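First up is the structure itself, then whatever we jot down about it.
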Amino acid sequence: MSVTSALRDKDHRFLWHPYTQMKDYEKRDLLLIDRAEGIFLYDVDGNRYYDTVSSWWCIVHGHNHPTIKGGVRAQMERLEQVLLAGISHAPAILLAEKLVQLTPPSLTRVFYSDNGSTACEIAVKMSLQYWQQSGQPERHQFIGLERGYHGDTIGTMSLGGTPGFHGPFAGLLFHSHRIPSPYCYRCPMGRDEKSCDIECLMPLKTLLDKDGDQIAALIIEPLIQAAGGMIVYPPRYLTRAAALVRAAGAHLILDEVATGFGRTSTMFALEQAAVTPDFLCLSKGLTGGYLPMAATLTTEEVFQAFYGDYAENRTFYHGHTFSGNPLAAAAGLASLQVFDEEQTLARLADTVPYLHRRMTRFLDLPWVGDLRKLGMICALELVKNKATKEPFSPTDRVGWRIYLAGLRQGLILRPLGNVVYLWLPLSATRADIDEITDRAWTVLADPALFPEIRRSASHE
Ligand SMILES: *Cc1c(COP(=O)(O)O)cnc(C)c1O
């Protein structure tokens with residue numbers, strides 16, 4: 001048995017893959033990745049794939065970057081792990097300083113954890129305990145958005161709006177309020193771009209007018225609801241939502257787990273809406289995508305509500321074994337160094353508009369209903385009927401077909417339902433963008449991939 005087929009056999013015997021129907025998985029060829037370089041993943045047979053989803057939205061400067069590798073390697077020689085409870089180390093301290101410098105001035109404190117779900121869950125727990133220790137214990141309810149996604153733990157599922165993922169656990173979730181998604185292509189208020197005055201925020205206003213004094217916080221992904229279908233929405237929605245929440249005296253939690261670190265063209269998406277949150281949740285791109293790490297940033301006001309004599313019992317009793325792990329923090333510092341050295345954000349001023357222009361022609365395809373663009377993220381919503389916006393049914397599994405066709409073109413396309421997207425590393429060059437969009441065109445312009453459309457057309 002070759003090494004590859006032995007691995008394949010063991011994969012099928014021992015592994016259970018995330019977000020994967022294992023019965024499907026067993027039927028297809030195993031994609032066994034051996035190494036990666038820049039924007040490319042290479043499998044054991046030497047086949048090359050464009051990492052068009054940045055390895056689940058986290059790779060920032062490309063794979064195998066010498067600066068990040070060097071930072072982690074040097075740290076490995078000194079200290080790989082130590083508890084952060086009551087003990088400290090240079091990488092955690094220096095990365096916290098950098099994060100405070102890069103984010104709005106009112107965010108002054110960094111609380112580490114190790115994944116995006118915990119970053120959000122920490123913000124929720126801090127907000128709740130803050131209100132208890134600030135004389136407003138009646139503020140214990142949270143608001144989230146339809147199609148919002150903040151993670152897969154019980155707490156973050158309770159605030160999410162992606163019931164497809166979370167259905168079986170409904171009985172365990174705590175109650176929270178849900179407001180409409182600013183899903184412009186399928187506007188919940190029946191408006192279009194010209195007539196929109198962000199009427200979809202009315203339910204938030206109504207809720208806050210009625211129960212505002214019981215609300216602890218609103219949690220929202222700034223500018224794009226990513227896992228909920230790559231819903232890009234106008235910055236003024238966020239600006240106004242933040243103002244409403246402020247006026248009601250509640251907290252604003254911005255979940256920048258996906259958008260942080262340049263993906264939307266600015267270091268953080270919040271800059272484009274000029275909002276300042278009480279809590280900022282970061283993870284995926286924090287280490288350049290090299291190691292698991294997360295951070296929840298908050299204000300001095302929140303910090304002070306937990307500060308006091310031991311006997312007052314104001315401590316935040318929360319922590320994870322790997323909170324602030326030195327190797328991960330070293331990767332984070334190195335990634336920020338690359339932002340400086342390679343002028344990463346400045347270079348996006350060229351590549352981002354170029355990518356957006358290259359995507360425009362996809363709108364000519366009869367099965368592409370909407371094109372959504374934000375920084376290095378572009379998404380196409382596929383529809384059965386462009387005029388009526390009739391979606392493909394989940395049983396059509398168009399996403400699955402596109403995934404398989406993408407692999408044949410050397411692309412890792414992993415559609416979310418009927419939404420095909422590119423989520424490119426910031427290091428992608430014009431030449432990479434040409435190749436990726438040409439190959440994506442080859443996949444998506446092929447009518448053989450959409451037999452439903454021909455069938456319905458021939459009935460007319
Ligand atoms: C991925 C994601 C999370 C969860 O992060 P994990 O590290 O997968 O737990 C939370 N919020 C947003 C916006 C995300 O995209």
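Start at 1 and go down the list; that is how both ligands and their atoms are numbered. What you see is a predicted model; the values in this text were computed from it and never measured. Throughout, numbering of the chain's residues begins at 1 and tracks the sequence.
With sequence neighbours excluded, no residue forms a side chain to side chain donor-acceptor pair (under 3.5 Å) with Asp211. A search for ring pair (Phe, Tyr, Trp, His ring centres under 6.0 Å) contacts involving His177 returns His175, not counting sequence neighbours.
Between Asp340 and Lys98 no salt bridge is recorded (no basic side-chain N to carboxylate O distance below 4.0 Å).
The residues lining ligand 1, counting any heavy atom closer than 4.0 Å, are Trp57, Asn115, Gly116, Ser117, Tyr149, His150, Gly151, Glu221, Asp255, Val257, Ala258, Lys284.
Pairing each heavy atom of Leu244 with each of Leu208, the nearest pair is O-CD1, 3.6 Å.
Note that Lys284 lies outside the cation-pi zone of Phe261, set by a 6.0 Å cut-off to the ring centre and a 45° limit from the axis.
For residues 101-123, the ring pair (Phe, Tyr, Trp, His ring centres under 6.0 Å) pairs, not counting sequence neighbours, are Phe111-Phe316.
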